[in-house]
Amino acid sequence: MKSVSVESIVKAFKLEVLSGADQLDREINRSKAHRPGLEFVGYFDYFPMNRVQVLGRKEITYLLQQTVEERRLHIGNIVKYHPPCFIVTTGLQEIPFLEMYCDQEGIPLLRTTDKTTEFITKLDGYLLKALAPEMSIHGVCINVSGIGVLLRGRSGIGKSETAHTLIGRGHRFVADDVVVLKKLGPATLLGTHNTITREFLALRSIGLINVVRQYGRTAFQDETRIVLDIELTPWEDKALNNDLEVADQFTEYLGVKIPHIEIQLQPGRDTSGLIEAAANNWYLKQLGYSAAEEFMSRLEDEMPGS
């Protein structure tokens, strides 16, 4: 099971460490934070003890209204489960009692000035990506007019050169050579780089180029949702499909099915233009429009007796 350390979220969100500084190597392996509520009144049947525990103004105010004995009981009941850490939001200051219990149990107590719901949204998003199942494949990832495209094909077939042309047309580069795919949900696949290759594009006969340095910040983005899998293949006369509507095909990554298109290469073909057309056609299909259906409808309207 994938995990991230408490220290990683301290750095990512610039959190203040109030206690447990020597316990920041504790692991987090659940992607959603939890606000203890029912637990403060003794109900622990479904307590997600492996999640980050977030305490906002509501929880802290409730604890401050309790007697010292009640407070000791409520907090003690939670800390004995040893969650990865506690995070107090909104920069709340009146929490020395909480620091004491976290010190006793060796649990990191952190603080942020962010509002509770705002912080939880950001934290959940960070953990979802960090803990998502992932795999690496050989290919190129590019965002074409807001549509994430995965380019695949054998080595030397022209994936990187095609991506370079698309960058020149105003589209955004994401990753070259090694594309990291992350599953964020049953139907959501994210494409990104592996950090080492970030911003770099390898062009045969030219070498490595830094896309941001050459074309500016707007030519690059860290990640994109993958919605099209396009495979570049050598030209085969007998294999070319000229049907009005090509039957839907899919490639599966981490259990997520992505529409698959094969583009055969031949000197003089505008491969980048075809990829733009494929992306735009996918978008129109999401809106319920099919060019083939409209064309067939026109034919039927022109037929005698129709």
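- For residues 169-181, the set of pairs meeting the side-chain hydrogen bond (donor to acceptor under 3.5 Å, both in side chains) definition, not counting sequence neighbours, comprises H138-D177, S160-D176, R169-D270, R169-E276, H171-E276.
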Mind listing the side-chain donor-acceptor pairs of residues 9-22 below 3.5 Å, one per line with the distance, residues two or more places apart or on another chain?
| unit_1 | atom_1 | unit_2 | atom_2 | d |
| --- | --- | --- | --- | --- |
| E16 | OE1 | R111 | NE | 3.1 |
| E16 | OE1 | R111 | NH2 | 3.3 |
| E16 | OE2 | R111 | NH2 | 3.1 |

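- Hydrophobic clustering (ILVMFWY, side-chain heavy atoms < 4.5 Å, transitive): Y46 and V52 are in distinct clusters.
- With sequence neighbours excluded, no residue forms a ring pair (Phe, Tyr, Trp, His ring centres under 6.0 Å) with Y43.
- Taking the centre of each ring, F220 and Y215 stay at or above the 6.0 Å mark.
- Within the structure, the side-chain hydrogen bond (donor to acceptor under 3.5 Å, both in side chains) test picks out the following pairs touching residues 185-196 (sequence neighbours left out): H193-D222, N194-T197.
- In this structure, the side chains of F40 and I78 come closer than 4.5 Å at one or more pairs of heavy atoms.
- At distances below 3.5 Å, at least one donor-acceptor pair connects side-chain atoms of T121 with backbone N or O atoms of T117.
- Listed by chain and residue number, nothing satisfies the salt bridge (charged side-chain N to carboxylate O under 4.0 Å, His left out) test with D124 (two or more places apart in sequence, or in another chain).
- Ion pairing of K182 with E223 is absent here, as no side-chain N (NZ or NE/NH1/NH2) approaches a carboxylate O to less than 4.0 Å.
- L284 and M296 fall into different hydrophobic clusters, where Ile, Leu, Val, Met, Phe, Trp and Tyr residues are linked whenever their side-chain heavy atoms come under 4.5 Å apart, directly or through other members.
- Annotation: salt bridge (charged side-chain N to carboxylate O under 4.0 Å, His left out) contacts of E199 (sequence neighbours excluded): R217.
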Name each donor-acceptor pair under 3.5 Å that joins a side chain in residues 142-155 to protein atoms two or more places apart or in another chain, with its distance.
| unit_1 | atom_1 | unit_2 | atom_2 | d |
| --- | --- | --- | --- | --- |
| N143 | OD1 | G146 | N | 2.7 |
| N143 | ND2 | T224 | OG1 | 2.9 |
| R152 | NE | D229 | OD1 | 2.8 |
| R152 | NE | D229 | OD2 | 3.4 |
| R152 | NE | Y253 | OH | 2.8 |
| R152 | NH2 | D229 | OD2 | 2.8 |
| S155 | OG | R204 | NH2 | 3.2 |

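- Linking ILVMFWY residues whenever their side-chain heavy atoms come closer than 4.5 Å, directly or via other members, places V179 and L189 in the same cluster.
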Exercise answer: donor-acceptor pairs, residues 90-98 side-chain atoms, under 3.5 Å, sequence neighbours excluded:
| unit_1 | atom_1 | unit_2 | atom_2 | d |
| --- | --- | --- | --- | --- |
| Q93 | NE2 | G91 | O | 3.0 |

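- Remark: E161 pairs with no residue by the salt bridge (charged side-chain N to carboxylate O under 4.0 Å, His left out) rule, at least two apart or across chains.
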Apply side-chain contact (heavy atoms from CB on, under 4.5 Å) to residues N77 and I75 and explain how you reach the verdict. CA-CA 5 Å; N77 283 341; I75 298 174; over 6 Å; no

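- S8 places no side-chain N or O within 3.5 Å of a backbone atom of V4 that could act as its donor or acceptor partner.
- Applying the salt bridge (Lys or Arg N to Asp or Glu O under 4.0 Å) test to pairs two or more places apart or on separate chains, those with a residue in residues 70-90 are E69-R72.
- The list of salt bridge (Lys or Arg N to Asp or Glu O under 4.0 Å) pairs with a residue in residues 36-63, not counting sequence neighbours, reads R35-E59.
- Under a hydrophobic-cluster definition in which Ile, Leu, Val, Met, Phe, Trp and Tyr are linked whenever side-chain heavy atoms come within less than 4.5 Å, directly or via other members, V79 and I28 are assigned to different clusters.
- Once rounded to the nearest 0.5 Å, the distance linking CG of L228 with OH of Y283 reads 14.0 Å.
- A distance-only check finds a donor-acceptor pair linking the side chain of R26 to the backbone of H82 [under 3.5 Å].
- Judged as a salt bridge (charged side-chain N to carboxylate O under 4.0 Å, His left out), and not counting sequence neighbours, the contacts of K2 are E134.
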